[in-house]
Amino acid sequence: MDTATLKAILLASSFATLLLLEARGAHPNSCSLDKYRRLKDKERTFRLLRNRYEELRVGNVEPWPSCLGERLQPKWKLDGLTKWEMLDAVEMEVNLAIHALQNATAHGVDRHVPQVLAIFTPLRKDLLRCIHVKPASLEATGDFPEFLEEFQQFNISNTAQSPQCLELAVGLNIVQTLTDVRQVSQEHSEHRHRSLHRSLHVHRLSFH
C-alpha cells in the first residue's frame, strides 16, 4: 500500500471517528444541547400551563390574586449575554422552575407540570455538563451582573410574598423560559458544529 492511499484511509477514519463522537454528543471539547432546539411540539404543554396560572392570577381563589402583579414579570433578557453566560443564566432559570413546580399546589396544573419537569430535569444536568467545559478564563460581561441582579430580585420578591407567589411567577413565565432554553441550545449547537469543523480541518492539515 502506497503512502498516499494510507493517508487517505487514515484521514477517512479520523473523519468518521469525529462524526461519530459528534452524533453521540461525546466530542471532548463541547457539550450537546441539540435535542432541546426541537421542542416546538412541546410548546403547547408550556402554553397550557402558563394559561392555567393566568386564570388563577385573575380569578377569585386565594392566594393567587393577592400576589403583586409588578413582581410577577421578570425583566431580564439573554440578548446581551455571551453564549457561555447564557448557559449560567438558563441553568438558573431552569433550576428555579424545577424548584417552584416540583411541589406545585395550584389546582388544575397536575397534568402539565410533570411533562414540563420531564424536560427540565434532564436539561438541568445537560446544562451543568456544558457549564463544566466552559473556559475558566472567561470574564463576565456588563450584562451578566445585570441579569443576575434582576433574577435574584425576581426570586426574592416573589418568595417573600409566599411560595405560591413564586410558583405563580414561574408558571406565568414558563413559555419564556422555554424560549430561552431553545435560544441557548441554538447558540451552543452552532458553537459545537463550528468546533467540529475546526477539528476536521486540523486533522485534514495533519495528513498533508
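It should be emphasised that the depicted structure is a prediction, and the values quoted were computed from it without experimental measurement. When reading the values below, keep in mind they use all heavy atoms of this one structure, side chains included, and skip hydrogens, waters and symmetry mates.
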Would you compute the distance between atom CD of Glu167 and atom CG of Leu172 and round it to the nearest 0.5 angstrom? 10.0 Å
Is the shortest heavy-atom distance from the side chain of Gln176 to the side chain of Thr179 under 4.5 Å? yes
Would Arg52 and His107 count as a side chain to side chain contact (heavy atoms under 4.5 Å, CB included) here? Give the steps. CA-CA 9 Å; Arg52 177 54 186 154; His107 177 69; 3.7 Å; yes
Salt bridge present between Arg182 and Glu43 (N-O < 4.0 angstrom): yes
Taking the six-membered ring for Trp, are Phe120 and Phe46 ring centroids under 6.0 Å apart? yes
Are Leu56 and Leu48 connected in the hydrophobic side-chain network, where two residues link if heavy atoms are under 4.5 Å apart? no
In this structure, CG of Leu33 is separated from CZ of Arg129 (nearest 0.5 Å) by 9.5 Å
Heavy-atom distance under 4.5 Å between the side chains of Glu93 and Leu78, does that happen here? yes
Can you confirm whether Phe144 sits close enough to Met86 that some side-chain heavy atom of one is under 4.5 Å from a side-chain heavy atom of the other? no
hydrophobic_cluster_shared for Phe151 and Ile174, side chain cutoff 4.5 Å: yes
The criterion is ring-ring contact (aromatic ring centres under 6.0 Å, His included); which residues satisfy it with Tyr53, sequence neighbours excluded? none
Say whether, by atom type as modelled, one donor and one acceptor occur between the side chain of Gln152 and the main chain of Glu149 under 3.5 angstrom. no
Indicate, with yes or no, if Leu128 and Tyr36 share a hydrophobic cluster defined by side-chain heavy-atom contacts under 4.5 Å among Ile, Leu, Val, Met, Phe, Trp and Tyr. yes
So Val184 and Lys83, do their side chains get closer than 4.5 Å, heavy atoms only? no
Do Asn51 and Glu55 have side-chain atoms, one donor and one acceptor, less than 3.5 Å apart? no
Indicate yes or no for a side-chain donor-acceptor contact from Ser66 to the backbone of Glu62 under 3.5 Å, with no hydrogens or angles considered. no
Within a strict 4.5 Å, meaning less than it, do heavy atoms of the Val94 and Val90 side chains meet? yes
Taking the side chain as C-beta and beyond, is there a heavy-atom pair between Gln183 and Asp180 under 4.5 Å? yes
Group every Ile, Leu, Val, Met, Phe, Trp and Tyr by side-chain heavy-atom contacts under 4.5 Å, then state whether Ile131 and Met92 land in the same group. yes
Distance (rounded to the nearest 0.5 Å) between Leu49 CG and Leu101 CG: 6.5 Å
Would Leu166 and Ile98 show up in the same hydrophobic cluster when neighbours are defined by side-chain heavy atoms closer than 4.5 Å? yes
Decide if atom NZ of Lys134 counts as having more than 12 heavy atoms of other residues, nucleotides or ligands within a radius under 6.0 Å. yes
Heavy atoms from other residues, nucleotides or ligands near CG of Asn60 exceed 12 (cutoff 6.0 Å): no
Residues which pass ring-ring contact (aromatic ring centres under 6.0 Å, His included) with Phe154, listed by chain and number, not counting sequence neighbours: Trp76
Contact list for residues 61-104, test disulfide bond (SG atoms under 2.5 Å apart), sequence neighbours left out: Cys67-Cys165
Take a 6.0 Å sphere around CD of Glu54 and say whether it holds more than 12 heavy atoms from other residues, nucleotides or ligands. yes
